[in-house]
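Down below is the structure, laid out as structure tokens.
Reminder, nothing fancy here: chain letters follow the sequence lines and each chain counts from 1.
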Amino acid sequence: MAKNLVIVESPAKAKTIEKILGKDFLVKSSFGHIADLAKKNFGVDIENGFKPNYEISPDKKKVVADLKKEAKIAETVWLASDEDREGEAIAWHLYNQLGLKKENTKRIVFHEITKAAILSAIENPRDIDIYLVNAQQARRVLDRLVGFEVSPVLWRKVKPSLSAGRVQSVAVRLCVEKEEDVKKFNITSSYRLTAKFYTSDAKTELLEAELPKRLATKEEATKFLEDCLTADFKVKNIEKKPGKRTPSAPFTTSTLQQEASRKMGYSVSKTMVVAQQLYESGKITYMRTDSVTLSGQAIGQAKQMISTTYGEKYSKIRQYKTKSKGAQEAHEAIRPTDLTRSKVSGDSAQQRLYDLIWKRTIASQMADAIIEKTNIEIEISGKKEVLSAKGEVITFDGFLKVYIESTDNENGNSDETKGMLPAVAKDQKLEVLEMTAMERFAQPPARFTEASLVKKLEELGIGRPSTYAPTISTIQKRGYVEKGENEGDERKYQIVYLKQGELKERIETEKTGNNKGKLLPTDIGSLVNKFLVNNFTDIIDYQFTAKAELEFDEIAAGKKEWNKMIGDFYHPFKKRVDDAMENAEREKGERLLGIDPKSGKNLYVKIGRYGAMAQIGESEDEEKPRFAGLKKGQSIENISLEEAIKLFDFPRSTGMYEDLEMTVAIGRFGPYVKHNGLFFSLDKTDDPASITENRCIELIEAKRQKDRERFILSYKEDPEIQVLNGRWGPYIAYKKRNYKIPKTTEAAKISYEEAVKLIKSQPGSGKKTSTKARKTTAKKAPAKKTVKKKALKAITKKK
DNA sequence: CAGTGAGCGAGCTTCCGCTTGACTT
């Protein structure tokens, strides 16, 4: 039996630490937070100083029971959760929920998992910092109040099941406003003038130069080239300037997500899944961090590695400081646990992500790259304008030997790719090969990608490393934003050029407006944002979190009561919630498109209970209006009358199959074929307006084939029991519930008796209908809730 | 989960941060 119980947050960390501490220590994990505000009645007692009502999270009951058992028999319990606000709260909840005693409980912290750091932590225990815990309670309660007060207003005024929150609503706002900027942007064009010269009679080397300013119109560009037809060119000046480049700091969660997105095209959640795998197999340090700090041991190892592999002059020890506000720095930067390991085993995603992390870490401890910048000015006889040729030569590569950071510059600007310039002498005459004036369009602001939105949120101090990926997926799941799929449309541009003493013109095309993978606000997203901006300006203010953080800091310093802060916020806020509930206009985004030619009635588009829809006729009329949902990709803002009229062409009969009619319609989940009471989804490439009878049959047969492949076994004794192939391997399906099959048994050989045994031994999973039904029937009359609501209202009215 | 959309009124939805499994298209 171990004398000491150490509790950390992550199980992978527990394993490592147990090895370091040896047999007198049992190291267990809490798996993050163990307690949270109750879900019902806000989980906060608003009338009693916002007293939180904590309960053990349902999925942590087992963990807590286990920890309690171990704590009881341990001589000393060491609470070793992270040293930040949330970690302190975890320690406090553990203390309370496990019923620990002050005399044998110790709070310890460490920022890196090394023997020295952990032993030193054990030497220097402290008490739980209740001020820091209070700051966390304030944060938690604030988020609950904002989320659970504002969301119901949206259900009432926009659409059910929507959500609002301190973090997600700002994320949506950023996307909506970016889109407005893009729409407002005036795309102008100008002419970029470039020239190519021979630098010697041998005509072997070319010097490329550019006119620093743009020419406004085609006329101006043509005039300029005409002037050059007879001009002489001469090197006016050569200037050389030294420069350097410095490596970036080691990865944090946010910068790792950005680089993995730019270099490998990973979504932020993909990056986190792969990083977690690397972490769990001990290859990298913790992947949810806002710190750029490397441990002394890692820095030492890097120095050693770099010196032996590349030479001493490539090594430069660097300590980085975080630039992001609100960073809590409970961990190290993300780095390989062993820097001598430049490659790891694992699948290709793991190898690539590891490679990225390894290179970034090593580069961060390497010398600057030294470059020489050259600028050659070229004179045009008879003109005052001067052409400029810029070049860059790396004289010492330094960190560039292993790592080059990508940028968000999507146009691959030619400025970025400068090379070495051919040797020329001052006053040397140059022979022109060609001169080109190319029409270039101004670039509208870049829309956010998942990763660039994370970057922006981090800059604003909104959200935490553990929530960036979930936030990005929440705003997509709620339908506030979606990823663009348009790879761009063709655009023509003009070129005027000078070659072999002649002036010519031509037209070329390029792709523009590529929004693939960019976050675009949906109708719902824009509408919800409009509603929130109008009614809850301060909550979705970009500074709201930053201001709250200042107050959390005061609470953590013991200079402010946390419930006082919440009270100061809540009372005016609640007034606006009530006001919006009562007086705010319902936000439907209604737009009159025109007249439906068939009925002569008005055709509208608006947001309904289930999303964007088109409507023919008036809701107030005696005759019910006709409705049709908008297709994916259509929006209230852009849809034309013609497109909207087409939506009412469904359901449409497409023919017969097996003596039964097939109809095509557009449902909640997209277009489908209905046949014999069953539904078959159309492919993305199928157009419901023109799909043929044969194609419908094909779809039906394909689905049937797939269902057959899913099937493995059934039993004579009870045909309701089936062994099926699912996304995660074989499972047993019985009466709409699903049951796991142990990995050791072969699915195809399960006997009826075994199957029954498996079903009996498990609660089963799947449709929640049964549990939900139980819940609702067991619930008593709901009178209580409404009474309480009314009582609350009366109280607020009095004030 | 599969043709909803008004209204009657029930019951439900919802937050952020800390962590992994469990999830069954």
Side-chain angles (χ1 to χ4, degrees), chain A residues 8-13 29-37 39 42-43 57 59-60 63 81-82 84-87 89-90 93 136 139-155 159-169 276 280 288 330 462-467 470-471 474 478 545 606-611 613-615 618-621 624-629 650-651 663 665-672 674 677-681 703 706-707 710 724-733 737-740 765-767 772 775-776 779 781-782 785-786:
Chain A
V8 296
E9 293 181 38
S10 151
K13 209 168 166 180
S29 153
S30 74
F31 294 81
H33 271 297
I34 54 156
D36 191 18
L37 298 175
K39 271 231 160 190
F42 275 70
S57 313
D59 54 333
K60 298 293 165 56
V63 175
S81 45
D82 297 344
D84 58 14
R85 212 156 60 200
E86 299 297 326
I90 289 173
H93 283 300
Q136 193 274 349
R139 197 281 303 156
R140 181 67 192 90
V141 169
L142 178 72
D143 283 336
R144 170 57 65 85
L145 292 175
V146 169
F148 277 34
E149 289 280 11
V150 178
S151 297
V153 182
L154 293 179
W155 304 343
K159 196 178 101 111
S161 302
L162 294 176
S163 63
R166 174 176 60 82
V167 174
Q168 58 168 282
S169 295
Q276 174 101 26
E280 282 176 7
R288 290 186 273 262
I462 300 175
R464 304 277 312 131
S466 68
T467 58
T471 300
T474 298
R478 296 261 177 280
T545 293
K606 64 179 188 184
I607 293 290
R609 206 143 58 99
Y610 304 100
M613 65 173 187
Q615 172 181 335
E618 313 295 329
S619 307
E620 301 79 36
D621 281 4
K624 225 179 118 170
R626 292 179 65 205
F627 301 102
F650 300 101
T663 52
I666 298 167
R668 184 141 138 57
F669 305 97
Y672 63 90
K674 194 174 169 186
L678 294 172
F679 298 87
F680 306 88
S681 291
K703 172 88 191 307
K706 228 177 146 189
D707 284 346
R710 206 160 70 102
L724 300 174
N725 239 327
R727 189 147 48 120
W728 292 280
Y731 66 100
I732 297 173
R737 314 215 91 213
N738 302 310
Y739 303 87
K740 278 184 292 192
S765 60
K767 300 260 173 297
K772 228 181 209 172
K775 238 189 191 168
T776 44
K779 224 173 202 171
K785 205 174 175 183
T786 34

**Request:** With the side chain counted from C-beta on, respond yes when S30(A) and I90(A) share a heavy-atom pair under 4.5 Å apart, and no when they do not.
**Result:** yes
**Asked** When the distance from CG of L37(A) to C1' of dG17(B) is rounded to whole Å, what number comes out?
**Response** 12 Å
**Asked** Taking OP1 and OP2 of dG17(B), is either one under 4.0 Å from a side-chain nitrogen or oxygen of T467(A)?
**Response** yes
**Request:** Among dC16(B), dT13(B), dA6(B), find the nucleotide with the atom closest to the side chain of K624(A).
**Result:** dA6(B)
**Message:** Using modelled atom types and a 3.5 Å cut-off, is there a donor and acceptor pairing between side-chain atoms of K606(A) and backbone atoms of M613(A)?
**Reply:** no
**Prompt:** Would one find a side-chain N or O of S10(A) under 4.0 angstrom from OP1 or OP2 of dT20(B)?
**Reply:** yes
**Prompt:** What is the nucleic acid contact for S161(A), judged by heavy atoms within less than 4.0 Å: base, sugar-phosphate only, or nothing?
**Reply:** base
**Complete:** Checking dA2(B), dC18(B), dC15(B) against the side chain of F148(A) (C-beta onward), the nearest is dC15(B)
**Message:** Within the 4.0 Å heavy-atom criterion, would you say G87(A) contacts the bases, only the backbone, or no part of the nucleic acid?
**Reply:** nothing
**Message:** Categorize G43(A) for me: base, sugar-phosphate, or nothing, with a 4.0 angstrom heavy-atom threshold over every strand shown.
**Reply:** nothing
**Prompt:** Do the side-chain N or O atoms of K39(A) get closer than 4.0 angstrom to the phosphate oxygens (OP1, OP2) of dC15(B)?
**Reply:** no
**Message:** Taking 5.5 Å and 30° as the limits, would you call W155(A) and the base of dT13(B) a stacked pair?
**Reply:** yes
**Asked** Side-chain N or O of R464(A) less than 4.0 angstrom from OP1 or OP2 on dC18(B)?
**Response** yes
**Message:** Judged by each residue's nearest nucleotide on DNA chain B, which is more toward the 5′ side, S681(A) or V150(A)?
**Reply:** S681(A)
**Request:** Using only heavy-atom distances, decide whether a donor-acceptor pair under 3.5 angstrom links the side-chain of R139(A) to the base of dC16(B).
**Result:** yes
**Asked** Given S163(A) and R478(A), is the side chain to side chain donor-acceptor pair (under 3.5 Å) satisfied, shown in steps?
**Response** CA-CA 8 Å; S163(A) 63; R478(A) 296 261 177 280; 2.6 Å; yes
**Asked** Checking only heavy atoms, does the side chain of Y610(A) share a donor-acceptor pair with the base of dT4(B) at less than 3.5 Å?
**Response** yes
**Asked** What are the two closest heavy atoms between L145(A) and F42(A), and how far apart are they?
**Response** CD2-CD2, 4.0 Å
**Request:** Indicate, yes or no, whether a donor-acceptor pair under 3.5 Å links the base of dC15(B) to the side chain of R140(A).
**Result:** yes
**Asked** Looking at dC15(B), dT20(B), dG17(B), which one has an atom nearest to any side-chain atom of R288(A)?
**Response** dT20(B)
**Request:** Name the nucleic acid region contacted by A12(A), choosing base, sugar-phosphate or nothing; use a 4.0 angstrom heavy-atom cut-off, strictly under.
**Result:** nothing
**Residue met sooner reading DNA chain B from 5', once G608(A) and V146(A) are mapped to nucleotides** = G608(A)
**Request:** For D82(A), report the nucleic acid contact type (base, sugar-phosphate, nothing); a contact means any heavy atom under 4.0 Å.
**Result:** sugar-phosphate
**Asked** Which listed nucleotide (dG17(B), dA2(B), dC15(B)) is nearest to the side chain of V167(A)?
**Response** dG17(B)
**Message:** Considering every strand and a 4.0 Å limit on heavy-atom distances, what is the contact class for P470(A): base, sugar-phosphate, or nothing?
**Reply:** nothing
**Item:** Given dT13(B), dG21(B), dC18(B), the nucleotide with the shortest approach to the side chain of F31(A)
**Value:** dG21(B)
**Message:** Under 4.0 Å, counting only non-hydrogen atoms across every strand here, what does L154(A) touch: a base, just sugar-phosphate, or nothing?
**Reply:** nothing
**Atom-pair distance (NZ on K13(A); C1' on dT20(B)), nearest Å** = 15 Å
**Message:** Taking any heavy-atom pair under 4.0 Å as a contact, classify Q276(A): base, sugar-phosphate, or nothing.
**Reply:** sugar-phosphate
**Prompt:** Taking OP1 and OP2 of dC15(B), is either one under 4.0 Å from a side-chain nitrogen or oxygen of Q168(A)?
**Reply:** yes
**Request:** Tell me whether F627(A) is stacked on the nucleobase of dT4(B), counting only the six-membered base ring and applying the 5.5 Å and 30° thresholds.
**Result:** no
**Message:** It should be established whether R85(A) places a side-chain nitrogen or oxygen under 4.0 Å from OP1 or OP2 of nucleotide dC18(B).
**Reply:** no
**Prompt:** For R609(A) and dG7(B), what is the distance between atoms CZ and C1' respectively, to the nearest whole Å?
**Reply:** 10 Å
**Message:** Counting only side-chain nitrogens and oxygens, does S163(A) get under 4.0 Å of the OP1 or OP2 atom of dC15(B)?
**Reply:** yes
**Message:** Nearest to the side chain of R478(A), heavy atoms from C-beta on, is which of dC15(B), dG17(B), dT19(B)?
**Reply:** dC15(B)
**Asked** Base, sugar-phosphate, or nothing: which does K706(A) touch, judged by heavy atoms less than 4.0 Å apart?
**Response** nothing
